Amino acid sequence: MTFPSKVIVVALSVLIICTAATLQAAPLTTLWLHNIHWLTTNSACLVLAVLGYLQASPAHKPFKRWFVVGTLAYFTGGLVWVFEVFTRHADFPEQSDIFYPLMGPCLVIGFIIALRSQLSHSKSWAFIIDALSFSMAILGYILISYLPKSGDVSALQLAVLTAYPVSMLSAALISLLLIPYLRQVWTLPWLLLSAGLTLDGLCWMQWNLNALNHLPQTSLWTNAGFSVADLLIGAGLYGWQVHISTQRTYLAQCRRLRNWIPMVALLFGLSALLLVWWQSGPHPNAYHVVMTSVVSILCLSAIRQSILLRESEKLLRAEKLLAEKEKEYLQLSRTDPLTGLHNRIAMLNLLEHAVINAASDSGMVTLLILDLRQFQTINDSFDHKTGDFFLREIAQRLQYISHEHGELGRVHGDKFALIISQHKTDSQLMQLAGALCSIVHKPVLINDHELILDACIGISIYPRDADNAEQLTRNANTALTLAKRSAPQPFLFYSGEQTRLAQNRFTLDIQLRKAIKKQEFFLLFQPIFRLDQHLIPRIASVEALIRWKTPKGETICPAEFIPYAEQSGLIVAIGEWVIAEAFRHLSILAQTHGQEIGLSINISPRQFRDHHLAMLVAQHLQKNALTPAAVTLEITESAVFEHEAQALEILNQLKATGVRISLDDFGVGNSSLFKLKHLPLDELKIDRAFMLDVPDSSADSEIVSTIVKTARILGISVVVEGIETQAQLDFLRGTGCDCIQGFLLGRPMPIEDIQALLKASSPA
């Protein structure tokens, strides 16, 4: 049982015991028994209000603080009353009459604070006016009931007698008025509080009527009613909170009920007129009281309606402004603010309508999606303002070409879409796509800079390629992706094979990510031999080569997954694993063999552009205690010469770690011997394509000899790969080549075989 429940049980037990004891007690004892359960229930009411305040949320504490103040005033009145009974004071009004009626106004203040935290200023004032109207009606009713019996009562005494029931009954009625204003969910604490205040007000009214009629004020049920009302009020204040309903029907009912509140208050006041008419020999001032009450209610209702009318006018203006803003927003939501073209949402709607119309008319819809190659370089090289100007210029050009063909829109960043509902042949579409690409390729002059970009286009046709707008969009994007990657021409029509390739790429992406996470890769090592004039070639270093072993036991060679890993960016994580694993094997190999041999590692173009590469290499060198000069990083020509300035900076960073740099696949790219002297290179690795016809082809043989001689002049060592015949080996002996690599002397093998090979070739 919780502490609040214990408080209620104890107070209720005291009430029952004391009430039962009064049945056989003397008058003086009965008075003290009543005082005991009154004070006990007053205390319980105060304790419950304090507990409710302590456990309330920060949003509820401001109004629950006034609940505590009201119950404290009521409890103080009870203490003073007991003291007055003990000292046999008989004057009226007394000090206790100051505190008792204060509970009702304090609760009303708390109600208003709760209301103002949820409603607007105007609606809060409307509620206050409604509360005053009902209070005036209650005041008039009570005064009419009291006046005929108040002949020997002073005006002060009548005011005090009236304040008791008016404060409690008004608070009860106002707590009920809060429900339609706050849209409050009906809860038990609200009902308990309203019932307790109503019972307390009625008990006080009966008590005062007995006093005015010179009847005994104390009665069993009235005295017990006071204590029961205290417990109900305390239980209600403990759990009282604002909980707004979200049901639309309930909110509509509350709104209708608020509109009827002034009419109910007026009927309440008019009922007092009927009461005066039914009474025999009414008090002379009864008519004045009734008329004052009714007129006050009418005036307050007029003020209330005036306030709500101004609120309604503000609401209408706000709704009108909101409608205008929604219209503007609807326009903006369908227009790209930068180019003024249709945006993605509008284009999707247009495409869906075009497909539906084509389906009903047996027509066709063509979707062209155009993308600008390397647009990000404009933002990176200049600024976004320049990029925006460029996009606006391209949009105007595209609109000039496409306005006769269909609807043009900007669907994302530097991507545009063109919807064509007219029937066009493939040749006509190719002509249109070519025109779009050509007009994009023309220079754009911005701040004395000529900016030129290429475009690529993916084309998909309904119903040939798709059954709906979503599939048509997906297929056009698939064709665009393939056109950006490998198509020889800047535009490409969609085909079913493209979807299969895209699905394969997606599947490969998932499998690669799992392989990286589960470390399904392993390394093989192919020996590189130093070539002497008369001695048998001996191992100078090994090249780390990655392989992928799937969970099914299938081994996949790098040619099948490295190109996609390079495109997707997964090559960076794979490359980091290769460096760590190869360095670890080299360290073990050096400890086992007794001396350190060389290690070559292939660095992909994307990994080479990573500015953290030098730091990563340095960390693993230190971790495995390796000599930096024993490590050679093989970097392809395309990676070095695509962005020469950036590549030179990265090469210098790598050289600073002490490792050797090898230019891999030399001769198949766009490099030249002249460029080599400007690069910090230690080694050239001649591609195996040059060795296919050596020594049979004199031209190829001369090329290889020239490369070797030039490299020696530049102080760069040479490794020739692809040695598969003895004739090739004998030829290279005569050229002065430093190292060779190929299946003739050693295939890729596990590290254990490398150890055995080193052991077998050692002088011992």
Side-chain angles (χ1 to χ4, degrees), residues 45-46 48-49 51-53 56 59-74 100-119 123-139 141-142 163-205 225-226 228-245 250 253-255 257-258 260-262 264-265 268 300 304:
C45 182
L46 177 61
L48 291 172
L51 291 176
Y53 171 77
H60 289 172
K61 282 192 174 182
F63 59 81
K64 286 216 167 188
R65 188 180 296 116
W66 281 98
F67 295 168
V68 174
V69 172
T71 53
L72 180 61
Y74 201 75
Y100 271 129
L102 288 179
M103 182 168 71
C106 289
L107 297 185
V108 171
I109 293 174
F111 295 153
I112 293 175
I113 293 175
L115 184 84
R116 290 178 66 89
S117 65
Q118 301 292 332
L119 297 183
K123 288 185 178 179
S124 298
W125 275 110
F127 170 81
I128 293 173
I129 291 173
D130 286 339
L132 287 175
S133 298
F134 276 98
S135 298
M136 292 292 298
I138 292 173
L139 177 63
Y141 177 80
I142 291 174
Y164 276 94
V166 168
S167 64
M168 299 303 172
L169 292 176
S170 295
L173 196 56
I174 290 171
S175 69
L176 294 176
L177 282 179
L178 279 175
I179 293 176
Y181 271 95
L182 285 178
R183 294 90 70 199
Q184 169 70 25
V185 178
W186 285 86
T187 56
L188 183 60
W190 283 63
L191 298 178
L192 293 178
L193 179 59
S194 300
L197 291 172
T198 302
L199 179 60
D200 201 36
L202 293 176
C203 288
W204 279 115
M205 190 172 180
F226 282 119
V228 172
D230 293 343
L231 293 179
L232 292 174
I233 293 171
L237 294 178
Y238 171 76
W240 200 90
Q241 61 180 343
V242 177
H243 183 61
I244 298 175
S245 174
Y250 181 75
Q253 292 173 357
C254 290
R255 186 164 52 250
L257 186 58
R258 286 199 305 268
W260 282 96
I261 287 176
V264 175
F268 206 130
L300 291 173
R304 174 191 188 271

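What you see is a predicted model, and the numbers here were worked out from it, not measured in a lab.
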- Note on the structure: Between Leu197 and the options Ile233, Leu192, Leu202, Ile174, the side chain to side chain contact (heavy atoms under 4.5 Å, CB included) test singles out Ile233
- Task: Measure the shortest side-chain to side-chain distance between Tyr74 and Asp230 over non-hydrogen atoms and say whether it is less than 4.5 angstrom.
- Result: yes
- When every non-hydrogen atom of Ala172 is compared with those of Thr198, the smallest separation belongs to CB-OG1, 3.3 Å
- Message: For Pro165 versus Gly201, what's the shortest heavy-atom pair and its separation?
- Response: CB-O, 3.6 Å
- Message: Suppose we screen for side-chain hydrogen bond (donor to acceptor under 3.5 Å, both in side chains). Which residues come up paired with Ser167, at least two apart in sequence or across chains?
- Response: none
- Item | Gap between atom CG of Leu107 and atom CE of Met168 - 0.5 Å precision | 7.5 Å
For residues 59-66, dump all side-chain donor-acceptor pairs below 3.5 Å to protein atoms at least two apart in sequence or in another chain.
| residue | atom | partner | partner atom | Å |
| --- | --- | --- | --- | --- |
| Lys64 | NZ | Leu237 | O | 3.3 |
| Lys64 | NZ | Tyr238 | O | 3.1 |
| Lys64 | NZ | Trp240 | O | 2.9 |

- Item | Those residues that, when tested against Ser194, pass side-chain hydrogen bond (donor to acceptor under 3.5 Å, both in side chains) (two or more places apart) | Ser175
- Message: Ignoring hydrogens, what is the shortest heavy-atom contact between Ala171 and Phe111? Give both atom names and the distance.
- Response: O-CE1, 3.6 Å
- Please identify each residue that fulfils side chain to side chain contact (heavy atoms under 4.5 Å, CB included) with Ile112, with sequence neighbours left out. Val108, Arg116, Phe127, Ile128
- Which heavy atom in Leu102 sits nearest to a heavy atom in Ala73, and how many Å separate them? CB-CB, 3.9 Å
- Item | Residues which pass side-chain hydrogen bond (donor to acceptor under 3.5 Å, both in side chains) with Thr71, listed by chain and number, not counting sequence neighbours | none
- Query: Got Val228 and Leu232 here, is their nearest side-chain heavy-atom distance under 4.5 Å?
  - Reply: yes
